[in-house]
Amino acid sequence: MSGVRRFHTLETAHVEIYGRMGTLIAKMRNLSSEGAFLELTNGEYIPQNGDFLHVTVNLTTLGKAHSFDAEVIWNRGLGFGIHFIKKEALLDKMMTRNIF
């Protein structure tokens, strides 16, 4: 992902982890076409490598919200990198790992 252009942002993201209860609150610090970096601001669990997420980002400047699925590819402290994943691929990976 090093050749992918990243854009800085400070949008609020609501993060749900598949297989866990509750919603975490994070700040999306940067965004690219392939993924994003989020930093946890409220929650009792820090997403770990391999966790599957459903993320809703409030786009305050547009007055809209955008939702997507992702997989955590790294974490450090309260921050974690995610890679966007299409619903079909998400379901395949979840079935392989028996996350239902």
Side-chain angles (χ1 to χ4, degrees):
M1 278 201 272
S2 61
V4 176
R5 187 169 177 198
R6 296 196 164 277
F7 300 92
H8 294 284
T9 181
L10 283 176
E11 302 292 349
T12 299
H14 298 266
V15 180
E16 298 172 69
I17 302 170
Y18 285 102
R20 295 187 69 90
M21 298 295 288
T23 301
L24 308 172
I25 307 297
K27 284 289 183 187
M28 182 180 290
R29 300 288 182 183
N30 69 47
L31 172 70
S32 76
S33 61
E34 297 178 357
F37 169 67
L38 288 86
E39 188 172 42
L40 194 63
T41 58
N42 188 351
E44 298 180 11
Y45 176 82
I46 299 171
Q48 302 295 306
N49 292 0
D51 281 349
F52 296 114
L53 313 175
H54 182 76
V55 181
T56 302
V57 178
N58 297 321
L59 303 169
T60 52
T61 56
L62 300 176
K64 297 181 178 182
H66 180 70
S67 295
F68 53 86
D69 294 309
E71 181 176 4
V72 177
I73 55 173
W74 62 267
N75 70 337
R76 187 170 344 154
L78 296 177
F80 51 101
I82 61 172
H83 182 76
F84 302 137
I85 186 169
K86 293 183 190 241
K87 186 67 79 180
E88 301 80 29
L90 171 70
L91 293 174
D92 287 344
K93 286 186 172 200
M94 289 174 78
M95 294 287 279
T96 302
R97 294 187 200 171
N98 294 320
I99 300 183
F100 282 105

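Nothing fancy with the numbering, it's 1 onward along the sequence.
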Q) How far apart are the closest heavy atoms of Gly50 and Glu71, and which atoms are they? A) CA-OE2, 3.8 Å

Q.
Assess whether a salt bridge exists between Glu11 and Lys27, defined as any Lys/Arg side-chain N lying under 4.0 Å from an Asp/Glu carboxylate O.
A. no

Q | Distance-minimising heavy-atom pair for Ile82 and Leu53 | A | CG2-CD1, 3.6 Å

Q: Find out whether Ile17 and Leu24 are in side-chain contact, i.e. whether some heavy atom of one side chain is under 4.5 Å from a heavy atom of the other.
A: yes

Q) Do Leu31 and Arg6 touch side chain to side chain, with heavy atoms closer than 4.5 Å? A) no

Q | Reported CZ-to-CD distance for the pair Arg76 and Glu39, which is rounded to 0.5 angstrom | A | 11.0 Å

Q | Shortest non-hydrogen contact between His83 and Glu34, atoms and distance | A | ND1-O, 3.3 Å

(Q) As an exercise, state the distance from NE2 of His14 to OG1 of Thr12, rounded to the nearest 0.5 Å. (A) 6.0 Å

**Q.** Heavy-atom donor-acceptor pair, Ser32 side chain to Val4 backbone, under 3.5 Å
**A.** no

Q: Answer with yes or no whether the side chains of His66 and Asn58 bring together a donor and an acceptor at under 3.5 Å.
A: no

Q. Is there a donor-acceptor pair closer than 3.5 Å between any side-chain N or O of Gln48 and the backbone N or O of Ile46?
A. yes

Q: Find the distance between CD1 (Ile85) and CZ (Phe68) and round it off to the nearest 0.5 Å.
A: 12.5 Å

Q.
Let me confirm one number: the CG-NE2 distance from Asn30 to His8, rounded to the nearest 0.5 Å.
A. 6.5 Å

Q) Using 30° and 60° as the class limits, which term best fits the ring planes of Trp74 and Phe37: parallel, tilted or perpendicular? A) parallel

Q: Looking only at non-hydrogen atoms, find the nearest pair between Ser67 and His54 and report the distance.
A: CB-NE2, 3.7 Å

(Q) As an exercise, state the distance from CG of Leu38 to CG of Leu78, rounded to the nearest 0.5 Å. (A) 12.0 Å

Q. When rounded to the nearest 0.5 angstrom, what is the spacing between CD in Glu16 and OH in Tyr18?
A. 7.5 Å

(Q) If I compare all heavy atoms of Leu40 with all of Ile25, which pair ends up nearest, and what's the gap? (A) CD1-O, 3.5 Å

Q: Look at Asp69 together with Lys87 and state whether they make a salt bridge at an N to O cut-off of under 4.0 Å.
A: yes

(Q) I'd like to know whether Phe84 forms a side chain to side chain contact (heavy atoms under 4.5 Å, CB included) with Val55, so could you lay out the CA-CA distance, the side-chain angles of the two residues, the decisive distance to 0.1 Å, and finally the verdict. (A) CA-CA 10 Å; Phe84 302 137; Val55 181; over 6 Å; no

(Q) Tell me if a side-chain donor or acceptor on Asn75 pairs with a main-chain N or O of Pro47 at a distance below 3.5 Å. (A) yes

(Q) Any heavy-atom pair between the side chains of Tyr45 and Asp51 that's under 4.5 Å? (A) yes

Q. Taking a hydrophobic cluster as the set of Ile, Leu, Val, Met, Phe, Trp and Tyr residues connected by side-chain heavy atoms closer than 4.5 Å, whether directly or through intermediates, do Leu10 and Phe7 fall within one such cluster?
A. no

